Novice: 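There's a structure below that I have some questions on.
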Amino acid sequence: MLIIAFTVLFTPTVGQQTTPDEVFEKRIAPIFKSPNPSSCVQCHLAGVDLKNYIRPSSKETFLSLRDQGLVDLDKPEKSRILALIEMGKAEKGADLIHQKNRTAEYEAFTAWIKACCADKELRNAPKLKVEELAKPPRSVEVIRHARKDQLLESFTNSVWAMRFRCMSCHIEGSAENKKLVAENGERVSWFKAAGPEATLKYLMDSKLIDTKEPAKSLLLLKPLNEVKHGGGVKFLVGDEGYKAYRKFVEDYARIVNDKYETAADLPKKQTMEAFGTEIWLKIANTPPAWADKLVQVKVFAWDATKKAWETDPIASTDRKVWGGGKLFQHTLTLSATPGSARAKAWKAKAELPNGKYLVRAYLDTDGKLAKDWTAELGAVDFVGEAEVTSAWPTGYGKMTVVDGGKVKKP
Ligand code: HEC
Ligand code: HEC
């Protein structure tokens, strides 16, 4: 008798109605306990996961979401937590696995939030204490930095901008590349013809970046020829190419290992945007003191309104001087303030207008870059300058040439 009354009174399902606790146990708790990452990883490499918002009980989880403004009590289907889950829906080319996860998460949360919002007592329960709220452990700045689209931006500004130092051999489909693929296999084509996003994705899935010891990444050791490289020496420790790649792999490793704890740990935002080109600058007849040393060249544009050279270099490059041939030559990387008219134009096509320019040379006399890859060449390393007028054509066969004998201190 007693048992029957008990069952009738406490049977939680009446018709279609399901209690929040039941939905939670059946559908939300498994997400919480699952060792698999949520659909958020499609875009967030670290810093946030759906699990961060879930507490062990239905009630606490709901109140925690409610108190953070992530639930719309009157229009549960408009809740911000559902919008966060749905973020990746519009993304084309999203992995099927993310899609499947997302649909499961979305349906589970929708059913559970609807059940919670229908429960008067739960809706009106007192607020949790601040320390009881379940939320991502990282600050908004860290969450932002660890987003894939942000990573792509920094990749475009570093590895991709320096691509002309490697592309002749490594870009999918070029004549040289096809030859090298025939000899070494498809792995030579790690620069993807589809662009920076496809290249980044390939590198993230490859073994070329060592996220445990970034400095040991093949992406660095191969071009240094520290691990035997079919292309020979293409980087010197501390040169512009090495710096760009090294900064990128260091940052990437810290992101995926969740090593950024606060905004203060994040790398400084780059003040300039970099654009790779196939514009070659050659200094012929280099002075004997430059022989077999690293020389960096900065190019300054003429500002006709101010009647002066611009203060920031518009382009730069660096390389070890070939002492035997008294020769310095390399491709220019252009640089512009992010968001400026120049930066916008160069996104479509990176080129330098015909005109008068100042070429300044800096010599790494005692190998300071090799000792500390983060070191910069500056005023103390300045060895001379020369004016040049050029339309800056592109291609190995059309170099802009400066006579080394004319590179003098003013
Ligand atoms: C398709 C990519 C994508 C997916 C998937 C995605 N997000 Fe986001 N997320 C973004 C973008 C872009 C922003 C910044 C713009 C914005 O706030 O709308 C962002 C911002 C955020 C923020 C705010 C931080 C800030 O910058 O103010 C949080 C918190 C967040 N997402 C959590 C999540 C959670 C939790 C999931 C998984 C349930 C998720 N996101 C899934 C792209 C995504
Ligand atoms: C003159 C042609 C040439 C140039 C230029 C060149 N490489 Fe290579 N690279 C090769 C060849 C050939 C291989 C395949 C043989 C080997 O592994 O060394 C290779 C292999 C690699 C690999 C290993 C790929 C893998 O999946 O095993 C990496 C990483 C690499 N190069 C990085 C670079 C970087 C970075 C640059 C530019 C700074 C560069 N290379 C410039 C010819 C070149």
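Just so you know, ligand 1 is whichever comes first in the structure, and atom 1 is the first atom listed for that ligand. Predicted model, so just to flag it, every value in this text is computed and none were measured. Quick note: numbers below take in every heavy atom, side chains included, and nothing from hydrogens, waters or symmetry partners.
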Novice: Please compare P223, S217, C166 and report which has the shortest non-hydrogen distance to atom 38 (C) of ligand 2.
Specialist: C166
Novice: Quick check: Y357 with F300 (ring centres under 6.0 Å apart)?
Specialist: no
Novice: Please list the nearest protein heavy atom to atom 11 (C) of ligand 2 with its residue and the distance rounded to 0.1 Å.
Specialist: G230 CA, 3.8 Å
Novice: So, is H44 placed with an N/O/S atom under 2.8 Å from atom 8 (Fe) of ligand 1, counting both backbone and side chain?
Specialist: yes
Novice: Below 4.0 Å, non-hydrogen atoms only: which portion of K148 touches ligand 1? Side chain, backbone, both or neither.
Specialist: neither
Novice: Give a yes/no verdict on a cation-pi contact between K192 and Y202, requiring under 6.0 Å between NZ or CZ and the six-membered ring centre and an angle within 45° of the axis.
Specialist: yes
Novice: Below 3.5 Å, N or O to N or O, backbone or side chain included: is there any such pair between D149 and ligand 1?
Specialist: no
Novice: Using atom types as modelled and distance alone, determine if a side-chain donor or acceptor of D210 lies under 3.5 Å from a backbone N or O of E213.
Specialist: yes
Novice: To check your reading of the model: name the closest protein heavy atom to atom 3 (C) of ligand 2, its residue, and the distance in Å.
Specialist: C169 SG, 2.6 Å
Novice: So which heavy atom in the protein is nearest atom 24 (C) of ligand 2, and how far is it from that ligand atom?
Specialist: L208 CD2, 3.9 Å
Novice: Among all protein heavy atoms, pick out the one at the shortest distance from atom 29 (C) of ligand 2; state its residue, atom name and that distance to 0.1 Å.
Specialist: L218 O, 3.6 Å
Novice: To the nearest 0.5 Å, what is the distance between CD1 (I28) and CZ (R55)?
Specialist: 15.5 Å
Novice: Working to the nearest 0.5 angstrom, can you tell me the gap between K398 NZ and W392 CH2?
Specialist: 15.0 Å
Novice: Can you check which of K179, E183, K222 brings a heavy atom nearest to atom 16 (C) of ligand 2?
Specialist: K222
Novice: Have a look at R80, E105, R138, R102 and point out the one with the heavy atom closest to atom 22 (C) of ligand 1.
Specialist: R80
Novice: Please list, in number order, the atoms of ligand 2 under 4.0 Å from a heavy atom of F235.
Specialist: 38 (C)
Novice: Less than 3.5 Å apart, any donor N or O on the side chain of E176 or S168 sitting next to an acceptor on the other?
Specialist: no
Novice: Tell me which part of M87 gets within contact of ligand 1: side chain, backbone, both or neither, using heavy atoms under 4.0 Å.
Specialist: both
Novice: Please work out whether any backbone atom (N, CA, C, O) or any side-chain heavy atom from C-beta onward of H98 is under 4.0 Å from ligand 1, and answer side chain, backbone, both or neither.
Specialist: neither
Novice: Drop me the distance from R165's CZ to H330's NE2, to the nearest 0.5 angstrom.
Specialist: 4.5 Å
Novice: Report, in ascending order of atom number, the atoms of ligand 1 lying under 4.0 Å from any heavy atom of C43.
Specialist: 1 (C), 2 (C), 3 (C), 4 (C), 5 (C), 42 (C), 43 (C)
Novice: Minimum distance, heavy atoms only, to atom 28 (C) of ligand 1: which one of L84, I85, L70 is it?
Specialist: L84
Novice: If you count the atoms of ligand 2 from 1 in the order shown, which ones are under 4.0 Å from a heavy atom of K228?
Specialist: 18 (O)
Novice: With no hydrogens and no angle check, is any side-chain donor or acceptor of T277 less than 3.5 Å from a backbone partner on I279?
Specialist: yes
Novice: Ignoring hydrogens, just give me the one of P37, C40, S38 whose non-hydrogen atom is nearest atom 37 (C) of ligand 1.
Specialist: C40
Novice: Please report the C-alpha distance between R319 and V295 in whole Å, then the side-chain angles of each, then the deciding distance to 0.1 Å, and finally whether the side chain to side chain contact (heavy atoms under 4.5 Å, CB included) criterion is met.
Specialist: CA-CA 6 Å; R319 196 171 211 178; V295 163; over 6 Å; no
Novice: Centre of Y362's six-membered ring, under 6.0 Å away, within 45 degrees of the axis: is that where NZ or CZ of K298 sits?
Specialist: yes
Novice: For the atom pair CD (Q42) and CD (Q99), what is the distance rounded to the nearest 0.5 Å?
Specialist: 6.5 Å
Novice: Find all atoms of ligand 1 within a distance of less than 4.0 Å from any non-hydrogen atom belonging to Y53, and give their numbers and elements.
Specialist: 29 (C), 35 (C)
Novice: Which ligand 1 atoms, with their elements, are less than 4.0 angstrom from a heavy-atom of V140?
Specialist: 25 (C), 26 (O), 27 (O)
Novice: Which residue holds the protein heavy atom closest to atom 32 (C) of ligand 2, what is that atom called, and what is the gap in Å?
Specialist: W190 CZ2, 3.4 Å
Novice: Just go through M162, H170, R163, R187 and tell me whose heavy atom is the nearest to atom 21 (C) of ligand 2.
Specialist: H170
Novice: Is there a nitrogen or oxygen of R165 sitting under 3.5 Å from a nitrogen or oxygen of ligand 2?
Specialist: no
Novice: Please report the interatomic distance CZ(R147) to CG(D149), rounded to the nearest 0.5 Å.
Specialist: 4.0 Å
Novice: Distance alone, cut at 3.5 Å: any donor-acceptor contact between the side chains of D49 and H44?
Specialist: no
Novice: So how far is it from E77 CD to T110 OG1, rounded to the nearest 0.5 Å?
Specialist: 8.5 Å
Novice: Give the numbers and elements of all ligand 2 atoms closer than 4.0 Å to a heavy atom of K234.
Specialist: 4 (C), 5 (C), 38 (C), 41 (C)
Novice: Any N or O on L180 sitting closer than 3.5 Å to an N or O of ligand 2?
Specialist: no
